[in-house]
Amino acid sequence: MSTIIDEARSLQDQIVADRRWLHAHPELGFELPETQAYVRQRLEAMGYTVTEPCEGALLTTVGDPEAGPCMMLRADYDALPVEEATGLPFASTNGNMHACGHDTHAAMLLGAAQILKNHEQELAGCVKLLFQPDEEGVAPVEFCGGDAVLSAGVLENPKVDALCALHVQALDFEAGAIYTRPGTIFSSIDDIDVRIKGCGAHGSTPQEGIDPINIACHIFMGFQNGIAREVDPTQTCVATFGKIEAGRAANVIPDSASMLGTLRTQDAGVRVRFKEMAERMVPGIAEAFGGSAEVAFLRGVPNTYNNPELTRELVGYANELFDDEVHELEKPFSGTDDLAILAEHVPTTYFILGTGTLPGHEGAGMHHPNVDFDESVFWKGTALLAQSALAYLAHRAA
């Protein structure tokens, strides 16, 4: 087992070099031409045959699918529309930033790809490597990267039996420590789009109109009261509206208003029931004031769910490999990851690799323009991914 650690440590400089190149060239959504070209070149140099299952994605396989089961290792590699403020010598200068660490995910998976290629003749099955676009969901379309790669058939031919991935986390997550939990690990998200129709009037004669802003205010409070009275208080449910638009003048009641927000839950049943409640409530409130309204839930991503049996198995392999044991998270993250879309179709384990807080980056967490990640632990992420695949296949060898 120790050979995996030795191999991963020997790749540390290359992992860092890959990360720094990707960090300096961040791209958004599905349009990742430079990112794709770099990762493809690196994989082909290792001897891989690489395909593009959908725009922005790369997929390759190592091992023999006829020899046993198939595990997929996935890394996202898109960036965010964030102006970088780290001052790093390899900082981005194009107005985008790898502020969520996807550059590190891709670099660590490239390291794992090399280890798996080194051991290809030993694989009792095969491993698929997926580099996924648009995890951040910034593309102006009604689907995200997880939807796109699923529709492209990445879980088939050969059929994927298990899925493993990792995500870095800064600040309170100790550098080099590995975390996970069985069950839900990331929250769901749905964009909430509310459209309200009223009737315009002069601001001095509100009785002659139907005020859509008044309706919007009651709908806003209706969502919050719905959480208080429609959701089990032991469950997590958050409805946040970040955009409410109506009118153009102080003394004019407008004809219409719109609201845009997000719903986050950590239980699939809570998510379904709350959306049903909103679909009753929104038109009902508008009708009570003489107007009309409709609500739509857009670009939904479910909870990211760690299959308990697979997670216990992969945690066991990680505990055998490393000196320190994997930490179990007490609760899920409030954020969302579209690995959830694939996890609905195949048993999945999502690990967290802590990177701590670096000097000069205090208080800078995920998506912050000054966030940075401790590069010294990247070898460990590579070892974790490679070990998960190797041990999973070996355990099922005939």
By ring-ring contact (aromatic ring centres under 6.0 Å, His included), His98 pairs with (sequence neighbours left out) none

Using ring-ring contact (aromatic ring centres under 6.0 Å, His included) as the criterion, list what pairs up with His25, not counting sequence neighbours.
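In terms of ring-ring contact (aromatic ring centres under 6.0 Å, His included), with neighbours along the sequence ignored, His25 is linked to Trp21.
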
Test question: given the 4.5 Å side-chain rule for I, L, V, M, F, W and Y, name all other residues clustered with [X], or answer none.
X: Val272; result: none
X: Leu358; result: none
X: Ile213; result: none

[X]: which residues meet the side chain to side chain donor-acceptor pair (under 3.5 Å) condition with it, sequence neighbours left out?
X: Thr93; value: none
X: Asn118; value: Glu7, Gln114
X: Thr357; value: none
X: Asp76; value: His102, His105

Side-chain donor-acceptor distances from residues 289-304 under 3.5 Å, at least two apart:
{"residue": "Arg299", "atom": "NH1", "partner": "Ala139", "partner atom": "O", "Å": "3.0"}
{"residue": "Arg299", "atom": "NH1", "partner": "Val141", "partner atom": "O", "Å": "2.2"}
{"residue": "Arg299", "atom": "NH2", "partner": "Gly137", "partner atom": "O", "Å": "2.2"}
{"residue": "Asn303", "atom": "OD1", "partner": "Ser188", "partner atom": "N", "Å": "3.1"}
{"residue": "Thr304", "atom": "OG1", "partner": "Asp337", "partner atom": "O", "Å": "2.9"}

Residues which pass side-chain contact (heavy atoms from CB on, under 4.5 Å) with Ala394, listed by chain and number, not counting sequence neighbours
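None.
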
Pairs of donor and acceptor atoms involving the side chains of residues 323-333, under 3.5 Å and at least two apart or interchain, shall be tabulated with distances.
{"residue": "Asp324", "atom": "OD1", "partner": "Lys380", "partner atom": "NZ", "Å": "3.1"}
{"residue": "Asp324", "atom": "OD2", "partner": "Lys380", "partner atom": "NZ", "Å": "3.1"}

Atom CE of Met259 and atom CD1 of Ile192: how far apart are they, to the nearest 0.5 Å?
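So the gap between those two atoms works out to 8.5 Å.
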
